[in-house]
Protein chains: 2
Amino acid sequence: MAKNTPRREQALTRERIIEASISLLDSRGESGLTFRALAEELSTGAGAIYWHVANKNDLMTAACDALVARTLEVPVIEAAPQDVIRAVALGMFDAINAHPWIGSALARAPWQSPIVRLLERLGQQVRAMGVAPAGQFAAVSALLSYILGVSGQNAANAQIGKELGGDREAILAQVAAAWSALDADAYPFTRSIAPQFREHDDRADFLAGIDLILRGMALPG
Amino acid sequence: MAKNTPRREQALTRERIIEASISLLDSRGESGLTFRALAEELSTGAGAIYWHVANKNDLMTAACDALVARTLEVPVIEAAPQDVIRAVALGMFDAINAHPWIGSALARAPWQSPIVRLLERLGQQVRAMGVAPAGQFAAVSALLSYILGVSGQNAANAQIGKELGGDREAILAQVAAAWSALDADAYPFTRSIAPQFREHDDRADFLAGIDLILRGMALPG
DNA sequence: ACCTGAACACCGTTCAAGT
DNA sequence: ACCTGAACACCGTTCAAGT
């Protein structure tokens, strides 16, 4: 055996670990990211990964951060601040739809790097909108919380969808049917909204919520 | 041994299991809820619990639902719809502050019973506000997503706070310091907001976000 | 400095067997 | 019908030992 035979094609780096994590998360879902699976994918031992990564939480946050960075990388179009905010929000919505695990990862990373990226992007636009300095943090925080809330729900929906076989139409119909069967006295609103729910468009409703907040922000006072 | 000696004081019921789960979650945090710990608490075997509960997810959702139900149980004060919405939202905020694990449980229970309780309460008020039927679902959905987003972040904050020793002041200061140290070109907004963040009031900002959405909803069209 | 892989201390869930 | 508890198939994480 030559002594300088490399043990593998590429050296094990934090970046390679993160990339492998993303592809594992995308292909096998949240429960598919395992130190053992990762080690096999990278042709190494489970313990080796700990040299580059503190723990699983660190790994998830890093994977999430990499995708959020990519999502926000798109060139900033010259547009009204409100439109940029809409674009950023929709970009996140689409990214989470494509990689549902980001939703759960974001929920567990309070004020960490992926969130800060978003905060910065939204904040610059909120400032450009002319929101008073004293209200800027609260305004950005509201946008952020809303986006994260939708993210989390969408991630959970996707998870359940995968478990139940994936047919979105069927799941919506099932939920709508359950709502229609609720007690008429206790749940009048939910019952009445069931048909609307069945045909609702997550993306359109998401944007409607963003617009609600933006409209509230644009008002004086 | 008499044959009719009861094996334990009380029979094992779904309710007792849920109560024990809540107290375990409150005292030991999210990772403290374990079938083994639960079994010991209830003087039974781990497997016995499965007779009354489908799985851990079912258990978490049920525990969450019980607390949400209690939170929404408070008598509806005769007040303007906006004020009732504020009160409901604040009630949820405080409940999640007291039991951070609700935040994570809610995030994983899309359109399940705890969420439906909230949906109903908010929906009745949105309708009372006079929002057009076609916009009611989107409006409630926005409020709901926002509340869940804040919930999730708060739950994660509490989790990290517990891990790091619990001093909120110190954690805020630490995050603010990290933000101030960010690259000046890439993160101008985050840097500028750091002092504000250090002294921000989660509850006040939460309410400010609710008001933003309510204001947006009250506008025509 | 970086990697190996066995070992540790857990998990949720199942299921034959009991009452 | 309800409960027992051992067993199964996993986890994340650590660490002595290697290169």
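Letters A, B, ... mirror the listed sequences (proteins, then strands); counts begin at 1.
- B:Arg127 and A:Ser192 are linked by a side-chain donor-acceptor pair at a separation below 3.5 angstrom, with hydrogens and angles left out of the test.
- What you find for B:Leu12 and B:Ala48 is that their closest heavy atoms are CD2-CB, 4.0 Å.
- Rounded to an integer number of Å, the gap from A:Leu38 CG to C:dG5 C1' is 16 Å.
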For Watson-Crick and G-U wobble pairs within 3.5 Å on both distances, what is DNA chain C written in dot-bracket notation, | included for inter-strand pairing? ||.|||||...|||||.||

Using a 3.5 Å cut-off and no angle test, enumerate the donor-acceptor pairs between side-chain atoms of residues 170-183 of chain A and protein atoms at least two apart in sequence or in another chain.
unit_1   : atom_1 : unit_2   : atom_2 : d
A:Ser180 : OG     : A:Ala176 : O      : 3.0
A:Asp183 : OD2    : A:Asp185 : N      : 3.1
A:Asp183 : OD2    : A:Ala186 : N      : 2.8

Return a table of donor-acceptor pairs under 3.5 angstrom between the side chains of residues 105-119 of chain A and protein atoms on other chains or two or more places apart.
unit_1   : atom_1 : unit_2  : atom_2 : d
A:Arg108 : NH2    : A:Glu30 : OE2    : 3.3
A:Arg117 : NE     : A:Asp65 : OD1    : 2.8
A:Arg117 : NH2    : A:Asp65 : OD2    : 2.9

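- Put simply, CG on B:Leu12 is 17 Å from P on D:dA1, counting in whole angstrom units.
- Under the 4.0 Å criterion applied to side-chain N and carboxylate O atoms, B:Arg70 and B:Glu19 are assigned as salt-bridge partners.
- In this structure, B:Leu42 places its CG atom 14 Å from P of D:dG5, rounding to the nearest Å.
- Residue A:Trp51 places none of its side-chain N or O atoms closer than 4.0 Å to OP1 or OP2 of C:dC3.
- Checked against side-chain contact (heavy atoms from CB on, under 4.5 Å), B:Asp202 has the following partners two or more places apart in sequence or in another chain: B:Phe93, B:Asn154, B:Arg168, B:His200.
- D:dT4 atom C1' lies 15 Å from atom CD of B:Glu40, rounded to whole Å.
- With hydrogens and angles disregarded, a donor-acceptor distance shorter than 3.5 Å links the side chain of A:Arg121 to the backbone of A:Leu72.
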Protein-nucleotides 12-16 of chain C N/O pairs closer than 3.5 Å?
unit_1 : atom_1 : unit_2  : atom_2 : d
C:dG12 : OP1    : B:Lys56 : NZ     : 2.7
C:dG12 : OP2    : B:Phe35 : N      : 3.2
C:dG12 : N7     : B:Arg36 : NH1    : 2.8
C:dG12 : O6     : B:Arg36 : NH2    : 2.8
C:dT13 : OP2    : B:Tyr50 : OH     : 2.7
C:dT13 : OP2    : B:Lys56 : N      : 2.9
C:dT13 : O5'    : B:Tyr50 : OH     : 3.0

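- Partners of B:Ala208 by side-chain contact (heavy atoms from CB on, under 4.5 Å), not counting sequence neighbours, listed by chain and number: A:Ala138.
- Separating the CG atom of B:Leu59 from the P atom of C:dC11 is a distance of 15 Å, rounded to the nearest angstrom.
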